Amino acid sequence: MPTTVRSHAKINLGLYIGAPRPDGFHELATVYQTIELHDLVTVSAQPAPSTSIRLTSNDLRVPTDNRNTAYKMVALELEAHSTPASVSIHIEKRLPIQGGLGAGSANAIAALVGLEIELSRVRENVLPGGRGSTSWLDMSQFAENMGVPEPGSPAFNAENWPSFELNLAAKVGSDVPLFLVGGAVLGRSRGENVYPLPDLDPIWCVVALPPVGVSTPQAFRDWDALCADEGLTADASEDRLEQLSRTYARAFAGAIPQGQHGSGSSGVPVLDGDLAGPQESALVRTGISSWIQNDFERVVFPQHPSLAEIKRLLAAAGTPEAALHASLSGSGSALFGLYLTRGDAQQAQDRLAASGVEGQITRTLPRSEYWANMLVRQ
Ligand code: C5P
């Protein structure tokens, strides 16, 4: 029976870009946060004498060959373990392609999880008591136990991860490994070095999906031109990223309620209705909402002024229903606003609709929920 996996998107709670590296990538410091919006990835797989991968999608813009991240991830995994298989992957697209929400990267990990579960089932049938399919879902526990990154602590990488899939994921794309962790994740290097952060309480989020495409490589090139104009040196930008990473780690560590250090999102209240009155949000408690920014806005907004206008609609600054934070996600073109109440989120969606912009109401997804909600039960 095929396995269907939710492929959750991410937003960036701040994104800082450093100098270009000799390999053409840029150093980054960002906090990724997974959200409930998702695509659906369905995988069926059987061992076979040689590997064949068939990929389909409801969206004709999705490449169905080895340019597809899910295709690449599955091919790398099968090759690395020398386990040829016949694999079918269907991607039901609900998220925008190239939207800054990491949808393609998330598809890669959803396909990997689906593949592992499918092949575990076969192994279990052959070898009763063999490696269970829940092993992937237990990975969240490992991430929880990593705790708050201390300055200079090792990244969450192949050396301290119980499998080497993080390395494979980094080969597929810079923001693929974060989806092996989920929740709030500090991203460093080109984004592939990931540090699990203590999770914040879920918060209402409105994602705006403007019909505009932004090329990520072009946005990075525009950033380089801006830095050259402003005379920002590579050393100065590396210092800036180091400082920001420490500030992020301290802020998230400080936001965990007393006695919950290391326990991640356990005890997190479920947001199933509008909050009755003003309450402090965990995001405000971290202090990050007062200072985070996305460097890409400085190059993307001048080229797409409509996106700056959408940010203003999401923010509603100075009103009682103002966002706690509003920003471009990644290099865009998706933007998001975070809100204390469902009602505030609803009003933001209404403001977008009045301007003809599609907006979806969702919530941030802590690590334990990310893993618990991943499999679609059949
Ligand atoms: O790794 P990914 O495939 O997502 O990167 C797409 C492109 O974005 C890269 O080829 C590179 O041009 C640019 N990039 C970058 N620095 C990063 C991540 C991506 O310059 N940290």
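In each ligand, atom 1 is the first atom listed, and ligand 1 is the first ligand listed. This is a predicted model, so every value here is computed, not measured.
- Here the heavy atom of the protein found nearest to atom 7 (C) of ligand 1 is Pro217 CG, 3.9 Å.
- From the protein, the heavy atom lying nearest to atom 3 (O) of ligand 1 is Gly173 CA, 4.2 Å.
- Between Arg54 and Asp65, none of the side-chain N atoms (NZ, or NE/NH1/NH2) sits under 4.0 Å from a carboxylate O, so this pair counts as no salt bridge.
- Of the protein's non-hydrogen atoms, Phe220 CE1, 3.5 Å is the one closest to atom 19 (C) of ligand 1.
- Glu165 has no carboxylate O lying under 4.0 Å from a charged side-chain N of Lys171, or vice versa, which leaves the two without a salt bridge.
- Residue nearest to atom 16 (N) of ligand 1, selected from His26, Arg221, Glu27, Arg188: His26 (by heavy-atom distance).
- Counting the atoms of ligand 1 from 1 in the order shown, those under 4.0 Å from a heavy atom of Gly24 are 20 (O).
- Checking atom 13 (C) of ligand 1 against the protein gives a heavy-atom contact under 4.0 Å.
- Residue Arg190 places at least one N or O, backbone or side chain, under 3.5 Å from an N or O of ligand 1.
- The backbone N or O of Ala170 sits less than 3.5 Å from a side-chain atom of Arg190, completing a donor-acceptor pair.
- Between Lys311 and Glu297 there is a salt bridge, with a side-chain nitrogen of the basic residue lying less than 4.0 Å from a carboxylate oxygen of the acidic one.
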Extract all donor-acceptor atom pairs below 3.5 Å that involve side chains of residues 18-31 and protein atoms in other chains or at least two apart in sequence.
residue, atom, partner, partner atom, Å
Arg21, NE, Asp23, OD1, 3.3
Arg21, NH1, Glu27, OE2, 3.0
Arg21, NH1, Ser189, OG, 3.0
Arg21, NH2, Asp23, OD2, 2.8
Asp23, OD1, Phe25, N, 2.9
His26, NE2, Asp224, OD1, 2.7
His26, NE2, Asp224, OD2, 3.0
Thr30, OG1, Asn12, ND2, 3.0
Thr30, OG1, Gly14, O, 2.6

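- Within a 6.0 Å radius of CD in Glu309, more than 12 heavy atoms belonging to other residues, nucleotides or ligands are found.
- Proximity to Leu28 (heavy-atom distance under 4.0 Å) selects the following atoms of ligand 1: 21 (N).
- Shortest contact from atom 5 (O) of ligand 1 to any protein heavy atom: Phe25 CE2, 3.9 Å.
- Within 6.0 Å of atom CD in Gln46, more than 12 heavy atoms from other residues, nucleotides or ligands are found, so the atom counts as buried in its surroundings.
- Any N or O atom pair closer than 3.5 Å counts here, and Ser174 shares at least one such pair with ligand 1.
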